[in-house]
There are 2 protein chains.
Amino acid sequence: MHCGEMGSRWGFNRTVGQMYGLLIIHEDALTAIEISEALNISRGNVSMGIKELQSWRLVQVQHKPKDRKEYYSPAGSIWEMATRVFEERRKREVDPTLSLLRDNLLDEPANQKEVYAQEKMHEIHDLLETGTHWASELQSMSPDKLKTLMKLGSGVSKVINFKDKFINKN
Amino acid sequence: MHCGEMGSRWGFNRTVGQMYGLLIIHEDALTAIEISEALNISRGNVSMGIKELQSWRLVQVQHKPKDRKEYYSPAGSIWEMATRVFEERRKREVDPTLSLLRDNLLDEPANQKEVYAQEKMHEIHDLLETGTHWASELQSMSPDKLKTLMKLGSGVSKVINFKDKFINKN
DNA sequence: TTAAACTTTCAGAAATTACTGAAACATCAG
DNA sequence: CTGATGTTTCAGTAATTTCTGAAAGTTTAA
């Protein structure tokens with residue numbers, strides 16, 4: 001139920017949220033009918049929801065021998081779930097804006113107001129660019145390394161200072 | 001217009017997105033009427049939108065001498081805008097889930113299924129916890145340091161290795 | 001090739017969310 | 001106080017999003 005309430009904040013809708021929550025919590029894979037009965041939603045809605053979750057690369061389909069039904073379960077670990085949601089949201093929330101800003105910055109400003117507007121857009125562009133670039137670099141690190149880094153927290157700045165000092169000495 | 005289309009993905013609605021975009025792009029502060037005319041929306045809607053933006057701590061109100069009108073402009077730099085949106089979204093998208101998970105993990109599992117469910121919830125809880133903790137530590141760093149860190153990108157892992165080696169030697 | 005067992009699609013209904021405009025409320029100069 | 005000039009609120013309406021269920025589509029065993 002909570003996954004449903006939060007669903008839209010997380011980028012999908014109520015039933016899709018509930019469906020994913022159910023799949024996560026459930027050890028065995030579930031059929032479409034089981035999902036529709038567990039959540040009291042129509043069979044068609046389940047089909048659409050699965051499609052949506054697949055577009056997020058969050059569910060996988062299994063087949064059992066001697067059984068024509070499709071069995072659904074979450075794709076990947078909790079960690080992978082997080083990186084996928086992160087990545088998909090970047091694609092939907094950041095990338096379009098980034099490309100619009102890029103286009104816009106190619107135009108010549110026609111007057112003083114446009115000069116100011118472009119300055120601001122430039123700032124936003126650079127920020128988003130740096131952010132997404134960083135995010136993708138972090139994702140290319142192994143989860144283990146990332147965990148170390150996170151545990152380090154703001155202590156990271158000490159390590160960086162330290163490195164700088166060391167390099168300067170040589 | 002783009003800010004409007006993206007509005008809902010960014011956590012607010014179309015007109016609120018447009019209003020904020022307009023304020024960012026515009027050098028001088030704007031009155032409610034100017035906003036409503038520029039975007040072709042009702043005066044009442046502007047009032048509600050401003051309220052919403054204030055709840056995100058994204059706009060500020062100014063007054064001019066000899067003038068009873070309120071003048072609106074973005075609160076803080078682009079950088080601050082980003083951290084505020086980030087923070088507010090965490091409050092709305094992560095915190096409620098975190099607290100629900102915490103409550104839930106206090107309950108004794110009644111059967112095997114609940115044991116499994118709790119395990120998963122535990123994983124999610126820890127991940128969100130680590131993530132939000134890290135985010136808040138990063139936010140406590142100065143923007144400059146953060147920029148250095150971001151520029152470093154995945155090179156960060158080298159620095160961490162370096163630290164480990166150094167510590168082990170002693 | 002058929003029919004049983006399942007999945008997908010999609011038009012329309014239901015639910016939710018956003019917007020308008022008029023009335024209520026606030027502030028202040030005279 | 002009063003009225004001019006603003007802002008806020010909110011009931012009703014409009015727009016959008018989500019959901020249903022029946023029909024169409026798919027797959028496979030016999």
Side-chain angles (χ1 to χ4, degrees), chain A residues 1-23 29-56 58-73 89 92-93, chain B residues 1-23 29-56 58-73 89 92-93:
Chain A
M1 291 305 111
H2 176 80
C3 292
E5 285 163 39
M6 297 301 285
S8 56
R9 304 192 177 228
W10 281 86
F12 20 74
N13 67 33
R14 190 162 57 88
T15 45
V16 173
Q18 291 180 344
M19 288 173 54
Y20 192 47
L22 182 66
L23 292 178
L30 294 171
T31 63
I33 293 264
E34 286 172 323
I35 296 172
S36 101
E37 284 170 356
L39 301 175
N40 244 313
I41 58 181
S42 76
R43 183 62 191 69
N45 201 359
V46 172
S47 179
M48 293 191 296
I50 292 289
K51 215 168 121 199
E52 170 87 0
L53 285 171
Q54 278 169 335
S55 84
W56 286 75
L58 289 173
V59 286
Q60 60 191 171
V61 185
Q62 294 161 35
H63 285 276
K64 292 194 184 177
K66 287 270 178 194
D67 191 343
R68 208 179 298 162
K69 282 195 282 293
E70 302 193 323
Y71 288 80
Y72 305 103
S73 58
R89 290 185 74 171
R92 294 158 200 236
E93 299 175 2
Chain B
M1 291 304 113
H2 176 80
C3 291
E5 285 162 40
M6 298 300 285
S8 56
R9 304 192 178 228
W10 281 87
F12 19 74
N13 66 32
R14 191 161 57 88
T15 44
V16 173
Q18 292 180 343
M19 286 173 55
Y20 192 48
L22 182 67
L23 291 178
L30 294 171
T31 64
I33 292 263
E34 285 170 326
I35 296 172
S36 102
E37 283 170 358
L39 302 175
N40 243 312
I41 58 182
S42 75
R43 184 63 191 70
N45 200 0
V46 171
S47 177
M48 292 192 297
I50 291 289
K51 217 169 120 198
E52 170 85 1
L53 285 170
Q54 278 168 336
S55 84
W56 287 75
L58 289 173
V59 285
Q60 61 192 170
V61 185
Q62 294 161 37
H63 284 276
K64 294 195 182 175
K66 286 272 178 189
D67 190 342
R68 210 182 296 163
K69 283 194 281 295
E70 303 193 323
Y71 288 81
Y72 305 104
S73 59
R89 290 185 75 170
R92 293 159 201 233
E93 297 175 4

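Since the model is a prediction, treat every value here as computed from it, not as a measurement. The sequence lines fix the lettering, A, B, ..., with proteins before strands; numbering per chain opens at 1.
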**Prompt:** Ignoring hydrogens and angles, are the base of C:dA4 and the side chain of A:Arg68 linked by a donor-acceptor pair under 3.5 Å?
**Reply:** yes
**Fill in**
From CD of A:Glu34 across to P of C:dC6 the rounded distance in Å is 11 Å
**Request:** On DNA chain D, check which nucleotide each of A:Ser8 and A:Gly44 is closest to and give me the residue with the more 5' one.
**Result:** A:Ser8
**Contact under 4.0 Å: A:Arg43 side-chain N or O vs C:dT7 OP1/OP2** = yes
**Close side-chain approach of A:Gln60 and A:Ser73, heavy atoms under 4.5 Å** = yes
**Message:** So B:Thr15, base contact, sugar-phosphate only, or nothing? Heavy-atom distance under 4.0 Å.
**Reply:** sugar-phosphate
**Item:** Student check: side-chain heavy atoms of B:Val61 and B:Gln54 closer than 4.5 Å
**Value:** yes
**Request:** Write down the atom of B:Trp56, the atom of B:Trp10, and the distance for their closest heavy-atom approach.
**Result:** CH2-O, 4.1 Å
**Asked** With a non-hydrogen cut-off below 4.0 angstrom, is A:Ile41 in contact with a base, only sugar-phosphate, or nothing?
**Response** sugar-phosphate
**Prompt:** Do any side-chain nitrogens or oxygens of A:Lys51 fall under 4.0 Å of OP1 or OP2 in C:dT9?
**Reply:** yes
**Complete:** Axis-to-axis angle for the helix from C:dT1-D:dA30 to C:dG30-D:dC1, ends of five pairs each, to 10°, equals 10°
**Item:** For B:Ala29 against B:Tyr71, the heavy-atom pair lying closest together
**Value:** CB-CB, 3.6 Å
**Fill in**
Whole-Å distance, B:Ile33 CD1 to D:dG6 P, equals 8 Å
**Rounded interatomic separation in angstrom, taking CD from B:Glu52 and C1' from D:dC10** = 17 Å
**Distance, rounded to the nearest Å, where B:Ile35 contributes CD1 and C:dC19 contributes C1'** = 16 Å
**Prompt:** What are the two closest heavy atoms between B:Ile50 and B:Val59, and how far apart are they?
**Reply:** O-CG2, 4.0 Å
**Prompt:** At under 4.0 Å, does any side-chain N or O of B:Asn13 touch on OP1 or OP2 of C:dT17?
**Reply:** no
**Asked** Does B:Lys66 place a side-chain N or O at less than 4.0 Å from the phosphate oxygens OP1/OP2 of C:dC28?
**Response** no
**Message:** Looking at B:Glu34 and B:Lys69, is there a salt bridge between them, counting it only when a charged N and a carboxylate O are closer than 4.0 Å?
**Reply:** no
**Message:** Whether A:Arg14 contacts D:dC19 is assessed here as follows: a side-chain N or O lying under 4.0 Å from the phosphate OP1 or OP2. Is that the case?
**Reply:** yes
**Prompt:** Can you find a pair of side-chain heavy atoms, one from A:Arg43 and one from A:Ser47, that are under 4.5 Å apart?
**Reply:** yes
